[in-house]
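Worksheet: one structure, shown below.
In each ligand, atom 1 is the first atom listed, and ligand 1 is the first ligand listed. Residues: numbered from 1 along the sequence shown. Predicted model only: the values in this text are computed from it and were never measured.
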Amino acid sequence: MGRYDETKKSSGAKGKKFGHAGRVEDPYRPEEGQEASICTSCRALYQNKRWFFDDKLAARLGGTEKVRQVLCPTCRKIKDGYPEGILTLSGDFFRERRPEIITLIKNEADRVSSRSVLDRVIKMAEEGQNKLVVETSTEKLAQRLGRAVYRAYKGKLDFRWAAMNRFVRVNWSR
Ligand SMILES: [Zn+2]
């Protein structure tokens, strides 16, 4: 489909969870009698093992006994500076079109993040004139942002997954 290089790591390793095979205590589960848990930082809600945004429900539950206050996994990754994806953009073309490429990245990230609590940009840092490093909370978001830039501007895109952890490096250059 795409014309970029996609170097997948060895099969079966992707998405593998470490730790016990048995039942794991859910650290975000609301207490007995509570309707949901809420992230004190981004106001994401957690019900039935699922994270989502719902402003109305957050406004109704926020600050009441019916909700448990937690820090969601995404805000925790941001707080700890623990990305699962790093997208690097570089090249002369990037330098020339930097503002519009950065806008494209931000728009795409906003679109995804408004729907999904788990996908968020942790940090965007410019390294000199022709390089930008974007850290994301999930592998998926780094890939998605890289593909969006590739779709709009072509260039060269590649993905490199870490052998042991959930982590991907996405490089785009033109
Ligand atoms: Zn949060």
Side-chain angles (χ1 to χ4, degrees), residues 9 13-89 99 101-127 131-151 159-162 164-172:
K9 66 184 176 183
K14 191 160 185 277
K16 187 177 170 187
K17 294 254 196 301
F18 296 100
H20 307 289
R23 233 179 103 88
V24 178
E25 188 66 29
D26 179 355
Y28 305 107
R29 196 181 56 184
E31 313 266 345
E32 204 58 43
Q34 292 183 326
E35 285 186 40
S37 297
I38 191 167
C39 175
T40 52
S41 178
C42 71
R43 318 243 326 142
L45 291 160
Y46 184 76
Q47 266 178 339
N48 306 319
K49 298 187 181 294
R50 206 173 66 86
W51 286 99
F52 58 96
F53 289 113
D54 183 333
D55 291 343
K56 278 189 194 146
L57 188 58
R60 183 166 70 75
L61 294 178
T64 71
E65 302 279 298
K66 290 183 177 303
V67 73
R68 181 181 163 204
Q69 304 208 359
V70 295
L71 193 61
C72 80
T74 307
C75 288
R76 184 168 298 280
K77 278 180 205 165
I78 291 170
K79 182 168 161 272
D80 297 344
Y82 217 141
E84 283 185 9
I86 294 185
L87 165 66
T88 303
L89 306 161
I101 296 173
I102 290 175
T103 300
L104 181 136
I105 296 255
K106 284 183 174 163
N107 288 345
E108 184 70 12
D110 284 349
R111 196 159 35 235
V112 176
S113 300
S114 65
R115 287 194 307 252
S116 161
V117 173
L118 300 178
D119 296 292
R120 217 171 298 165
V121 167
I122 294 177
K123 197 166 89 179
M124 280 175 89
E126 303 195 34
E127 290 183 7
K131 195 168 174 187
L132 179 77
V133 179
V134 184
E135 297 182 1
T136 61
S137 60
T138 59
E139 297 173 284
K140 200 180 81 186
L141 183 58
Q143 293 169 62
R144 182 163 173 154
L145 296 177
R147 287 194 178 105
V149 174
Y150 178 83
R151 256 200 317 278
F159 303 88
R160 276 172 214 163
W161 276 273
M164 294 304 289
N165 339 344
R166 271 169 86 104
F167 183 78
V168 67
R169 249 173 217 289
V170 180
N171 295 298
W172 176 86

**Study point:** Neighbour count above 12 (heavy atom, 6.0 Å) for Asp26 CG
**Key:** yes

Check your understanding: How long is the span from the CG atom in Leu45 to the CG atom in Leu57, to the nearest 0.5 Å?
Key -> 5.0 Å

Point to revise | Side chains of Asp119 and Thr138, donor plus acceptor under 3.5 Å | key: yes

Check your understanding: What protein N/O/S atoms lie closer than 2.8 Å to the Zn ion (ligand 1)?
Key -> Cys39 SG, Cys42 SG, Cys72 SG, Cys75 SG

Check your understanding: Taking the six-membered ring for Trp, are Tyr46 and Trp51 parallel (under 30°), tilted (30 to 60°) or perpendicular (over 60°)?
Key -> tilted

Point to revise | Spacing of OG belonging to Ser116 relative to NZ belonging to Lys140, to within rounding of 0.5 Å | key: 5.0 Å

Exercise for review: Name all pairs fulfilling the side chain to side chain donor-acceptor pair (under 3.5 Å) condition that reach into residues 62-83, sequence neighbours left out, sorted by first residue then second.
Suggested key: Lys77-Glu84

